[in-house]
Colleague: 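Take a look at this one; I'll ask things after.
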Amino acid sequence: MSAQPYGLIATFDTAAAIYHAAETVRDAGYKKWDCITPCPVHGLDGAMGVKRSLVPRISLAGGITGFCTGMLMIWWTGAWNYKLIVGGKPLFSPMFAFPISYELTILFTAFATIGGMFLLNNLPMHYHPVLKYDHITRGLDDQFFVVIEAADMKFDAKATRALLEKAGGKNITELEH
Amino acid sequence: MSHAAEHTAEAPAILAEVKPAIVPRAVLVAHGRSFSWITEKICGIIEEKTPRWWWICFAVAGFVASWTVMGLTYLVATGVGVWGHHNPINWAWDIVNFVFWIGIGHAGTLISAILCLLRQKWRTSINRAAEAMTIFAVVCAAIFPVFHVGRIWFAVLPGWLFPFPNGNDIWQNFRSPLEWDVFAVSTYGTVSVLFWYVGLIPDLAILRDRFYAAGNKFRSSLYGLFAMGWRGSNRHWSNYEMAYMILAGISTPLVLSVHTIVSFDFAVSLIPGWHTTIFPPYFVAGAIFSGFGMVLTLMLPLRAVYKLEDLITQYHIDCMCKITLATGTMVGYAYAMEFFIAWYGSNPNEGFAFINRGFGHYAWAYWIMVTCNVITPQFFWFKKIRQNTALVWILSIFVNVGMWFERFVIIVTSLARDFLPSSWGYYSPSIVEIFTFFGTFGVFSVLFLLFIRFLPIMPMAELKAVTPEGDPHSGANAHH
């Protein structure tokens, strides 16, 4: 890795402070930056300019797959692979296949949703420069951090530090890779 | 920002005229507890030395759980004949216990999913433990259908339950509600675990960091493994919250469908007393009723032992009691409606089944059920009673007992008096069955005790989000 730091991290004490800091950093035009918060902060996505999550699309794909899997499985087993008349009923009907297809819709949606969440979040990632920060425990406990990556086009060690100071950030520290 | 604008927008002029009274919102975390207090409180439970009461409870629970293990071992070694089933009562305690446990689980999903969609923020402090209850209840429930096939190795692979062709290459009968049940319950168990796990991720990350800071590398890496490298990034929270909302959204129809399908096991048959269209909503209401009974049974001692009064406030107990009251009353209504339809339907077999329930050989069970399920919850109308924690706890036990009897009454009375009077019988459980069932309370307790010892019993991140400190626009912190 290069000698360049990963980025700058600044501490904020309240949810309101990080909210306003996020607006400042967003308006300054940064792209590769993040907020570290102990809980989801209402409205912070908008303040950061984070777009609506793509998880629902993956969930939808999962749900459709699940429904089709159920219908196809029941059709294939009962009306194709081993035709067996039970109680004089048709070999296949979407009616009796519905409950199982419904359950599989939900099952596949759940897996797709969680898989999609991990995929979009690039997790699991057990090593990350932010996790090496001395005070990171507080970031999951009661403090709020803004991290601006050095990889950002607009990053400039001095100007970025000044911006974070202006936004009210304390303890501005360089993060190593 | 649209969000800020929402808050600073001028109030409509009409408000100045009518001067609406300010309705105070119930405080969800009492005494204005801070973020770090919540973290210390919840993590402290895991980090402290294992208390002596825990070991005592664990030993007792383990002993009771051994009854189930012995009962099941004997069953598998000998055959299903060791249970008290005989013609015409070929379904009895096994399915009673199954429905009882699965119903208990439903309150956990109601709290975690339905109340989440309805934005009932009081759910936050009880949802983790309630979801744990769901999962452990499903484990206890699953024991019965899996073991009632006797040769359990057939339950899974050369499929009697799951879709693998059996010995003659014949597939399962997908028209059967019992087969629907296999999918419903296994989906329910899986989705409940996933939902629970997703909720745990941010809290596991806190534990990872705290154990690391305390120098316990082993536990730190263990929690860290399951925390997936969570670092509280807001870009992650964005996807996480969306995923959580979708899981809540799919768990809601799931929980309703599971008990609907469980009720189809009976409703789709032709047995008088079972073959009724009221079953799905009636079973769902009963499941939530019994589940809230169990939530109260579990949470009240937990609250007392760990002094969680600031997190599970009187408001929380009131809410739980009121849901118990509402669902219990629905169940009471269903009992009355079943009788009404039996009379109104003019089917002599149906009519007989219900008269027999109330006044036949099993009348004792029927009236225990009515007392526990219809009369007990009515006490929750009174604030004085809801504020008496010990009394609420005792009433919650009655709810649990009553709901077990409900399933017993439905299942056994109808089978004991089927269409052929010559085959009528009376069912008594065998000793093996009794021990197997009571042992499941031990199995449940063992799992629950392990949960409270090793996992955060309340979702810290969610609790923080409902405090004023977590609100960027609250008066205390607002900069504008």
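A, B, ... follow the sequence lines: proteins, then strands. Residue 1 opens every chain. Because the structure is predicted, anything quoted here is derived from the model rather than measured.
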Colleague: Between A:Leu131 and chain B, which part of the residue has a heavy atom less than 4.5 Å away: side chain, backbone, both or neither?
Modeller: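 Contact with chain B: side chain only.
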Colleague: Find the one option among B:Glu40, B:Arg235, B:Met460, B:Met245 whose heavy-atom pairs under 4.5 Å with chain A are most numerous.
Modeller: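 Of B:Glu40, B:Arg235, B:Met460, B:Met245, B:Arg235 has the most heavy-atom pairs under 4.5 Å with chain A.
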Colleague: Of the listed residues (B:Ile206, B:Ile246, B:Val198, B:Leu225), which shares the most heavy-atom pairs with chain A below a 4.5 Å separation?
Modeller: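 Answer, by heavy-atom pair count under 4.5 Å with chain A: B:Ile246.
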Colleague: Over 60° means perpendicular and under 30° means parallel, so tell me whether B:Trp171 and A:Trp76 are parallel, tilted or perpendicular.
Modeller: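 Aromatic pair B:Trp171/A:Trp76 classed perpendicular.
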Colleague: Would you mind checking which part of A:Phe145 comes under 4.5 Å of any heavy atom in chain B, side chain (CB onward), backbone (N, CA, C, O), both or neither?
Modeller: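 When you check distances to chain B, no heavy atom of A:Phe145 falls under 4.5 Å.
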Colleague: Once you round to the nearest 0.5 Å, how far does CZ of B:Arg210 lie from OG1 of B:Thr39?
Modeller: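 Rounded to the nearest 0.5 Å, the CZ-OG1 separation comes out at 6.5 Å.
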Colleague: Could you tell me whether B:Glu47 atom CD has more than 12 heavy atoms of other residues or ligands within 6.0 Å of it?
Modeller: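 Yes, because the 6.0 Å sphere around CD of B:Glu47 holds more than 12 heavy atoms from other groups.
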Colleague: For each of B:Tyr240, B:Phe195, B:Phe264, tally heavy-atom pairs with chain A at distances under 4.5 Å, and name the one with the top tally.
Modeller: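 Of the options given, most contacts go to B:Tyr240.
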Colleague: Taking side chain as everything from C-beta outward and backbone as N, CA, C, O, which of these in B:Trp230 sits under 4.5 Å from a heavy atom of chain A? Side chain, backbone, both or neither.
Modeller: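 Both backbone and side chain.
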Colleague: Which one, B:Ala243, B:Ser176, B:Ser233, leads in non-hydrogen pairs under 4.5 Å with chain A?
Modeller: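 Max contact count across the listed options: B:Ser233.
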Colleague: Which of residues 61-72 of chain A have a heavy atom under 4.5 Å from any heavy atom of chain B?
Modeller: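 From residues 61-72 of chain A, none sit under 4.5 Å of chain B.
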Colleague: Non-hydrogen atoms of chain B under 4.5 Å away: do they reach the side chain of A:Ile58, the backbone, both or neither?
Modeller: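 Neither part, no heavy atoms under 4.5 Å.
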Colleague: Given the options B:Gly232, B:Gly229, B:Pro202, which has more heavy-atom pairs under 4.5 Å with chain A than any of the others?
Modeller: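 Most pairs with chain A among the choices: B:Gly232.
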Colleague: Tell me, side chain or backbone of B:Ile201 under 4.5 Å from chain A's heavy atoms, or both, or neither?
Modeller: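 The side chain, not the backbone.
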Colleague: Using heavy-atom distances under 4.5 Å, tell me whether A:Ile114 contacts chain B through its side chain, its backbone, both, or neither.
Modeller: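 The side chain, not the backbone.
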Colleague: Looking at every heavy atom in both B:Val191 and B:Ser251, which two are closest together, and how far apart are they?
Modeller: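 Here B:Val191 and B:Ser251 meet closest at CG1-OG, 3.8 Å.
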Colleague: Could you look at B:Tyr212 and say if it's the side chain, the backbone, both or neither that has a heavy atom under 4.5 Å from chain A?
Modeller: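 Interface part for B:Tyr212: neither.
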Colleague: Side chain, backbone, both or neither: which part of A:Val130 has a non-hydrogen atom closer than 4.5 Å to chain B?
Modeller: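 Just its side chain gets close to chain B.
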Colleague: With only heavy atoms counted, which part of A:Phe118 is less than 4.5 Å from chain B, the side chain, the backbone, both or neither?
Modeller: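 Side chain only.
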Colleague: At a heavy-atom distance under 4.5 Å, which candidate from A:Val41, A:Val50, A:Val86 has the highest pair count against chain B?
Modeller: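 Between A:Val41, A:Val50, A:Val86, the count favours A:Val86.
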Colleague: Charged N to carboxylate O below 4.0 Å: is that the case for B:Asp310 and B:Lys41?
Modeller: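 No, this pair does not count.
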Colleague: Between A:His126 and chain B, which part of the residue has a heavy atom less than 4.5 Å away: side chain, backbone, both or neither?
Modeller: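 For A:His126, heavy atoms of backbone and side chain both lie under 4.5 Å from chain B.
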Colleague: Which answer fits B:Pro253, side chain, backbone, both or neither, if we ask what part of it has an atom under 4.5 Å from a heavy atom of chain A?
Modeller: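 Contact with chain A: backbone and side chain both.
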Colleague: What residue, out of B:Tyr244, B:Trp237, B:Tyr197, has the most heavy-atom pairs lying under 4.5 Å from chain A?
Modeller: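 Ranked by contacts with chain A, first place is B:Trp237.
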Colleague: Working note: B:His106 + B:Tyr188, criterion ring pair (Phe, Tyr, Trp, His ring centres under 6.0 Å); need CA distance, chi angles, decisive distance, verdict.
Modeller: CA-CA 10 Å; B:His106 283 17; B:Tyr188 184 52; 5.0 Å; yes
Colleague: Does any heavy atom of chain A fall under 4.5 Å from the side chain of B:Thr190, the backbone, both, or neither of them?
Modeller: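 For B:Thr190, the side chain is the part near chain A, not the backbone.
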Colleague: Below 4.5 Å from any heavy atom of chain B, which atoms of A:Ser59 appear? Answer side chain, backbone, both or neither.
Modeller: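 For A:Ser59, the side chain is the part near chain B, not the backbone.
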Colleague: At a 4.5 Å cut-off on heavy atoms, which part of B:Glu462 comes close to chain A: side chain, backbone, both, or neither?
Modeller: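 The answer is neither part of B:Glu462.
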Colleague: May I have the step-by-step check of side-chain hydrogen bond (donor to acceptor under 3.5 Å, both in side chains) for B:Asn234 and A:Asp34, ending in yes or no?
Modeller: CA-CA 6 Å; B:Asn234 192 58; A:Asp34 210 339; 5.8 Å; no
Colleague: May I ask you to decide if B:Gly199's main-chain N or O and B:Arg128's side chain share a donor-acceptor pair within less than 3.5 Å?
Modeller: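 Between the backbone of B:Gly199 and the side chain of B:Arg128 there is a qualifying donor-acceptor contact (under 3.5 Å).
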Colleague: Taking side chain as everything from C-beta outward and backbone as N, CA, C, O, which of these in B:Asn173 sits under 4.5 Å from a heavy atom of chain A? Side chain, backbone, both or neither.
Modeller: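 Looking at B:Asn173, just its side chain touches chain A.
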Colleague: Check whether B:Ile261 gets within reach of chain A through its side chain, its backbone, both or neither, counting any heavy atom under 4.5 Å.
Modeller: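 Contact with chain A: side chain only.
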